[in-house]
*Asks:* 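The structure's right below; bear with me while I get my questions together.
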Amino acid sequence: MPVSDTITITFPDGNTRDYASGTTGFEVAESISKSLSKAAIAITLNGVQKDLCDPLNTNGTVSIITLKDEAGLEIMRHTLTAQVLARAVKNIYPSAKLAIGPTIENGFYYDIAFERAISSDDLGTIEKEMRRLLGAGNAITKKIVPKSKAIKLFTDRNEPYKVQIIEGAEDSQFQIYCQGDTDFIDLCYGPHLPSLKKIGAFKLMKLAGAYWRGDSNNEMLTRIYGTAWRDEKELKAHLTQIEEAEKRDHRKLGKEMDLFHLQEEAQGSVFWHAKGYAIYLQLEAYIRRRLKDAGYDEVKTPQLMDQRLWEASGHWEKFGENMFVTPDIVPNTTGKGPVFTEEPKNFMALKPMNCPAHVQIFKQGVTSYKDLPIRLAEFGCCHRNEPHGALHGIMRVRQMTQDDAHIFCREDQITQESVAFCALLQKIYTDLGFEDLNVRLALRPEKRGGTEETWDKAENGLREALTQAGLSFEEDEGEGAFYGPKIEFHIKDAIGRSWQCGTLQLDFILPERLDASYIGEDGEKHRPVMLHRAILGTFERFIGMMIESYAGKFPLWLAPTHCVITTITSSADSYAQELYQTMWNAGLRVELDTRNEKINYKIREHSHKKVPNIFVVGAREAEEKTVAIRRLGGKDKDIMSAEKAITELIEQSRPPY
RNA sequence: GCUGCUGUAGCUCAGUGGUAGAGCGUUCCCUUGGUAAGGGAGAGGUCGGGAGUUCAAUUCUCCCCAGCAGCACCA
């Protein structure tokens with residue numbers, strides 16, 4: 001019931017205007033200008049998006065959404081998936097059942113249950129039908145129906161997923177969008193475009209499986225992904241951007257730059273080639289210096305440990321299905337009969353984590369409260385039996401080396417240790433070129449150990465640490481580990497996938513399970529708190545991220561090769577050899593290329609391999625004891641004395657710490 | 001693990017129901033060339049693995065393995 005016949009609308013510029021109650025958003029736009037009413041696709045009323053056809057009954061602030069706005073683009077994408085993709089699919093496959101069709105970054109998807117599986121070849125047919133529907137340019141209208149009617153509508157149409165959605169919703173009224181005079185309907189919170197004429201450029205991208213409601217216990221639906229933009233130009237720019245990003249893929253660059261390879265016989269484990277391992281070693285040495293100066297003690301613990309230890313730690317029960325377990329028996333490798341001829345009594349497991357081993361070191365001897373915190377670091381090589389479908393290049397592997405450490409401390413030291421960790425992490429990420437971090441604080445899950453008081457303390461400690469470190473972060477309810485809350489540091493790869501790298505996790509459970517204790521000021525035994533922490537996360541993933549973020553062009557201190565010396569003619573060979581020897585002796589990662597090839601050819605090849613510096617030498621340089629420096633990406637050459645060039649190179653290749 | 005796709009020379013890829021082709025790389029020969037591909041010749045393949053259909057399978061069918069995209073998982 002309208003309170004009065006007139007409502008006052010405030011516009012973003014502060015102006016106000018009175019309208020008859022029940023005026024629609026479209027009419028408001030029209031009252032401002034004809035062109036605005038043409039461009040309008042929806043409005044926001046007091047910050048809430050509304051359809052143009054919704055009548056306005058209250059005073060409020062209204063702004064008109066057009067396709068120029070990000071919100072407008074999203075509405076367009078939403079309409080495209082809900083009205084066009086869904087209808088096209090139903091036209092071609094009448095028995096298909098629609099689930100959900102939301103927008104995502106750069107586009108949209110729709111989850112659909114098909115009677116018979118469709119393949120990516122069918123996307124073309126669907127896209128064609130979509131274009132046909134767009135050609136008709138139907139108007140979109142909507143009606144609002146009560147819950148019972150909505151359920152009946154979709155039950156009659158044999159849309160069980162829509163019925164489930166309605167049944168599960170709190171609302172009493174539902175919006176049903178219709179298209180022209182067709183009998184297609186879709187359930188949606190809206191808003192939608194007023195007409196299909198306003199759809200821009202789009203393309204169906206790929207097809208994949210996705211579980212209904214994201215639960216792997218449910219059936220798998222077919223998800224159709226698409227991208228949509230205001231016009232062809234924007235679409236093309238987006239597709240080009242994807243192509244460009246694919247060029248930075250670490251798997252591609254890893255091969256091109258001869259950094260590493262993977263093969264079937266060791267799936268999920270990296271074969272580091274000399275060039276890739278050079279990066280690895282530099283990075284490891286850098287982290288080692290950082291950790292040492294931050295008060296960590298580096299240790300090394302066993303790879304294979306007895307089942308009993310993993311049972312005691314809780315890993316056997318909680319993590320067992322991800323562990324590689326081996327019976328402690330001499331195998332029969334004759335090729336005849338079973339490999340294990342006796343029933344094993346004992347099992348060993350490759351460590352999936354370093355923490356239980358670090359607790360064993362902590363437990364040697366007696367620890368006083370005065371000794372805390374104790375920070376044990378290990379470049380620990382861990383194995384995890386990851387699901388096949390999860391493996392991805394060197395980002396998600398089965399054998400990984402963490403820059404792991406465990407800090408054993410008293411409860412009152414949690415905050416200071418966490419703050420110090422965040423500060424250290426920030427310094428390191430800055431040095432390594434990662435400034436934009438996505439930081440998440442994962443809070444207590446439903447199933448958890450420890451008391452509420454401990455959780456409060458732990459969560460607040462981490463919050464405090466992040467705040468003091470000046471890091472903005474988002475909180476994820478219920479996402480913490482069962483033993484404690486955690487901070488996660490995520491980075492995006494070349495094509496926008498987010499990967500967790502650094503982490504800080506509080507643990508009150510493991511010291512208890514493995515009976516670790518220290519002697520307090522009161523002379524009694526106390527439990528230490530454990531902080532599990534990693535900065536890179538794993539070398540594999542982090543180097544993968546660096547390859548993509550640098551597009552293979554590593555800063556000099558990390559570059560696999562600092563410099564290639566190459567000759568123009570064979571007359572400079574001995575001079576080049578001399579230079580090579582001098583530079584090699586100076587500790588530079590240098591290569592010599594005296595092949596009988598043209599200089600253009602050699603420059604091109606080394607540039608493709610992202611070699612940062614090429615020292616070109618010919619007769620003239622040999623005569624004058626100079627080098628012509630060709631820097632990666634540069635066109636100019638820089639001629640200077642060999643001595644100066646080498647000194648500069650040594651200077652430039654120094655690590656940041 | 002689930003859904004879909006892919007697997008041919010070292011790499012990137014084309015191709016066919018009658019046991020295969022290109023470019024790059026590699027080897028050899030010619031070329032000594034001044035900053036992103038000089039010329040020529042040769043070598044190189046269990047067409048991912050297994051089974052089936054067929055006179056004949058790299059090609060068609062089924063099973064397995066691996067990779068890719070996404071979903072689920074990710075201490």
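Residue numbers start from 1 in every chain, and the chains themselves are labelled A, B, ... in the order their sequence lines are given, proteins ahead of strands.
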*Asks:* On a whole-Å scale, what distance lies between the P atoms belonging to C5(B) and C74(B)?
*Replies:*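 Approximately 28 Å lies between the P atom of C5(B) and that of C74(B).
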*Asks:* Just by distance, with hydrogens left out, do Gln263(A) and His261(A) show a side-chain donor and acceptor under 3.5 Å apart?
*Replies:*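 There is such a pair between these side chains.
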*Asks:* What integer number of Å spans the P atoms of C13(B) and A72(B)?
*Replies:*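 About 29 Å, rounded to a whole number of Å.
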*Asks:* With the side chain of Asn600(A) defined as its heavy atoms from C-beta on, choose the nearest nucleotide among U3(B), A69(B), A37(B).
*Replies:*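 Per side-chain heavy atoms of Asn600(A), the pick is A37(B).
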*Asks:* Could you check which nucleotide pairs with A72(B) in any of the strands shown, counting Watson-Crick or G-U wobble with both distances under 3.5 Å?
*Replies:*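 Paired with A72(B), as far as the under-3.5 Å criterion goes, is no nucleotide at all.
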*Asks:* Starting from the 5' end of RNA chain B, give me the residue, Gly634(A) or Arg398(A), whose nearest nucleotide shows up first.
*Replies:*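 So the residue in question is Arg398(A).
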*Asks:* With a 4.0 Å cut-off on heavy atoms, is Ile603(A) in touch with a base, just the backbone sugar-phosphate, or nothing at all?
*Replies:*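 Base contact - Ile603(A) has a heavy atom under 4.0 Å of at least one base atom.
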*Asks:* Please verify the inter-ring angle class for His238(A) with Trp229(A); under 30° counts as parallel, over 60° as perpendicular, anything in between as tilted.
*Replies:*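 Correct class here is tilted.
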*Asks:* Heavy atoms from C-beta onward define the side chain here; which of A69(B), G34(B), G4(B) lies closest to that of Arg497(A)?
*Replies:*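 That would be A69(B).
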*Asks:* Under a 3.5 Å limit for both distances, which nucleotide forms a Watson-Crick or G-U wobble pair with U26(B), could you say?
*Replies:*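 Across any shown strand, U26(B) pairs with G42(B).
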*Asks:* Just to be sure I understand the rule, does Arg223(A) reach a base, reach only the sugar-phosphate, or reach nothing, if contact means heavy atoms closer than 4.0 Å?
*Replies:*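 Sugar-phosphate only.
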*Asks:* So with a 6.0 Å cut-off around CD of Glu623(A), is the heavy-atom count from everything else above 12?
*Replies:*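 12 or below, so no.
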*Asks:* Kindly assign one of parallel, tilted or perpendicular to the pair Phe408(A) and His406(A), based on the angle between their ring planes and the thresholds 30° and 60°.
*Replies:*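 It falls in the tilted class, 30° to 60°.
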*Asks:* So what does Arg251(A) hit on the nucleic acid, given a heavy-atom distance under 4.0 Å: a base, only sugar-phosphate, or nothing?
*Replies:*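 Since only primed, P, OP1 and OP2 atoms lie under 4.0 Å of Arg251(A), the category is sugar-phosphate.
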*Asks:* Heavy atoms under 4.0 Å, any strand shown: does His315(A) hit a base, just sugar-phosphate, or nothing?
*Replies:*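 Result for His315(A) = nothing.
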*Asks:* When we call it a touch if two heavy atoms are under 4.0 Å apart, what does Thr569(A) touch: a base, just sugar-phosphate, or nothing?
*Replies:*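 Base contact.
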*Asks:* Looking at A20(B), which nucleotide sits across from it as a Watson-Crick or G-U wobble partner, both distances under 3.5 angstrom, or is there none?
*Replies:*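 Partner of A20(B): none found under 3.5 Å.
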*Asks:* Looking at A36(B), C11(B), C71(B), which one has an atom nearest to any side-chain atom of Tyr225(A)?
*Replies:*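 Selected nucleotide (nearest to the side chain): C71(B).
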*Asks:* Which part of the nucleic acid, if any, lies within reach of Glu265(A) when heavy atoms closer than 4.0 Å are counted: base, sugar-phosphate only, or nothing?
*Replies:*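 Counting heavy atoms under 4.0 Å across all strands, no contact is made by Glu265(A).
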*Asks:* Please work out if Glu256(A) contacts a base, only the sugar-phosphate, or nothing of the nucleic acid, heavy-atom cut-off 4.0 Å.
*Replies:*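 Answer is nothing: Glu256(A) stays at 4.0 Å or more from every strand.
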*Asks:* If I pick the P atom on U12(B) and the same atom on A69(B), what distance separates them, to the nearest angstrom?
*Replies:*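 Looking at atom P only, A69(B) and U12(B) are 14 Å apart.
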*Asks:* C73(B), A66(B), C5(B): which one has an atom nearest the side-chain heavy atoms of Glu264(A)?
*Replies:*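 Closest nucleotide to the Glu264(A) side chain: A66(B).
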*Asks:* Applying the Watson-Crick and G-U wobble criteria at under 3.5 Å, what pairs with G33(B)? Answer none if nothing qualifies.
*Replies:*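 With both distances under 3.5 Å required, G33(B) matches none.
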*Asks:* Could you tell me whether Lys486(A) contacts a base, only the sugar-phosphate backbone, or nothing, with contacts defined as non-hydrogen atoms closer than 4.0 Å?
*Replies:*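 Touches sugar-phosphate only.
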*Asks:* Checking all strands, does Tyr601(A) fall into the base, sugar-phosphate, or nothing category for heavy-atom contacts under 4.0 angstrom?
*Replies:*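 Sugar-phosphate contact only - Tyr601(A) comes under 4.0 Å of backbone atoms but never of a base.
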*Asks:* Can you tell me which nucleotide in U32(B), C5(B), U35(B) comes closest to the side chain of Ser120(A)?
*Replies:*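 Between U32(B), C5(B), U35(B), the one nearest the side chain of Ser120(A) would be C5(B).
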*Asks:* Taking atom P in both G1(B) and C60(B), compute the distance separating them and give it to the nearest angstrom.
*Replies:*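 Going atom to atom, P in each nucleotide, I get 26 Å.
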*Asks:* Out of C65(B), A36(B), C73(B), which nucleotide sits closest to the side chain of Ala390(A)?
*Replies:*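 Minimum distance to the Ala390(A) side chain belongs to C73(B).
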*Asks:* Which part of the nucleic acid, if any, lies within reach of Ser607(A) when heavy atoms closer than 4.0 Å are counted: base, sugar-phosphate only, or nothing?
*Replies:*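 Counting heavy atoms under 4.0 Å across all strands, the contact made by Ser607(A) includes a base.
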*Asks:* Just call it for Lys637(A): base, sugar-phosphate, or nothing, with non-hydrogen atoms closer than 4.0 Å on any strand.
*Replies:*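 Touches a base.
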*Asks:* Just to be sure I understand the rule, does Pro387(A) reach a base, reach only the sugar-phosphate, or reach nothing, if contact means heavy atoms closer than 4.0 Å?
*Replies:*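 Base contact.
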*Asks:* Students often get this wrong, so: under 4.0 angstrom with heavy atoms, is Gln263(A) touching a base, only sugar-phosphate, or nothing?
*Replies:*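 Gln263(A): no heavy atom of the nucleic acid under 4.0 Å.
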*Asks:* To the side chain of Arg595(A), which of U26(B), A36(B), A69(B) is closest?
*Replies:*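 So the nucleotide nearest the side chain must be U26(B).
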*Asks:* Report which part of the nucleic acid Glu321(A) touches: base, sugar-phosphate, or nothing (heavy-atom distance under 4.0 Å, all strands).
*Replies:*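 Counting heavy atoms under 4.0 Å across all strands, no contact is made by Glu321(A).
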*Asks:* With respect to the side chain of Ala628(A), which nucleotide from A69(B), U35(B), G4(B) is positioned closest?
*Replies:*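 Taking heavy atoms from C-beta onward, the closest nucleotide is U35(B).
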*Asks:* Between G33(B), U35(B), G1(B), which one does the side chain of Lys598(A) approach most closely?
*Replies:*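 For the Lys598(A) side chain, the nearest candidate turns out to be G33(B).
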*Asks:* Looking only at the side chain of Leu207(A) (C-beta and beyond, no hydrogens), which of the listed nucleotides C2(B), U32(B), G4(B) gets closest?
*Replies:*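 Selected nucleotide: G4(B).
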*Asks:* When both hydrogen-bonding distances must be under 3.5 Å and the geometry is Watson-Crick or G-U wobble, what is C60(B) paired with, if anything?
*Replies:*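 G52(B) is the nucleotide pairing with C60(B).
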*Asks:* Could you please name the partner base of G67(B), counting Watson-Crick and G-U wobble pairs only when both distances are under 3.5 Å?
*Replies:*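 In the structure as shown, G67(B) has C5(B) as its Watson-Crick or wobble partner.
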*Asks:* Taking only Lys NZ, Arg NE, NH1 and NH2, and the carboxylate oxygens of Asp or Glu, determine whether Glu648(A) and Lys644(A) approach each other closer than 4.0 Å.
*Replies:*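 Judged by the 4.0 Å cut-off on N to carboxylate O distance, Glu648(A) and Lys644(A) do form a salt bridge.
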*Asks:* I'd like to know if Glu256(A) pairs up with Lys247(A) as an ion pair, taking the criterion as any Lys NZ or Arg NE/NH1/NH2 lying under 4.0 Å from an Asp or Glu carboxylate oxygen.
*Replies:*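 No, this pair does not count.
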